[in-house]
Amino acid sequence: MSGIVKTPQPPYYAVIFTSQRTDGDEGYGKMAEKMEELASQQKGFLGVESARDNELGITVSYWDSLEAIKNWKENSAHKVAQEKGKAEWYTNYSVRIAKVERAYSFET
């Protein structure tokens, strides 16, 4: 997925994953693609936006409920990715979950 996600009218939820990577790929790129594909198949998934430079990565996934977020966190393949992230891919990360109560956009 690329670009800005078209989300429904609020309320919905955003999971903001901010990370700093270790050096090297070590299978990270392939796993990131797999996780995005898998997440998109989960009930309640609304979309994802992601950006990374050589210092910081920010991925925001959008969900229709807290239950959908919990189910994704507990997904067995996602758990494997989480563990590899801690062991190999990230020097640190932060996860924040926010309720989107208002949203607006501009498009030409």
_Gap between atom OG1 of Thr91 and atom CZ of Arg21 - 0.5 Å precision_ = 9.5 Å
*Is the count of non-hydrogen atoms from other residues, nucleotides or ligands lying under 6.0 Å from Gln9 atom CD greater than 12?*
no
*CG/Asn92 to OG/Ser19 distance, rounded to the nearest 0.5 angstrom?*
8.0 Å
*Which pair of heavy atoms, one from Val48 and one from Tyr62, lies closest together, and at what distance?*
N-CD1, 4.5 Å
*In this structure, are over 12 heavy atoms from other groups packed under 6.0 Å from Glu67 atom CD?*
no
*Can you spot which of Val15, Ile97, Ile16, Leu46 makes a side chain to side chain contact (heavy atoms under 4.5 Å, CB included) with Ser61?*
Val15
*For this output row, return yes or no: ring centroids of Trp63 and Tyr12 closer than 6.0 angstrom.*
no
*Backbone N or O of Glu88 within a donor-acceptor pair of the Thr22 side chain at under 3.5 Å?*
yes
*Hey, is the main chain of Leu38 close enough, under 3.5 Å, to the side chain of Gln42 for a donor-acceptor pair?*
yes
_Backbone N/O of Gly29 and side chain of Asp25: donor-acceptor pair under 3.5 Å_ = yes
*Can you check whether Lys79 reaches Gln82 side chain to side chain, under 4.5 Å on heavy atoms?*
yes
*Counting N and O atoms only, with roles assigned by atom type, does the side chain of Trp89 sit under 3.5 Å from a partner on the main chain of Lys84, one being a donor and the other an acceptor?*
no
*Keeping the roles fixed (side chain from Glu49, backbone from Val5), state whether a donor-acceptor pair exists under 3.5 Å.*
yes
_Please report the interatomic distance CG(Asn75) to CD(Gln41), rounded to the nearest 0.5 Å._
10.0 Å
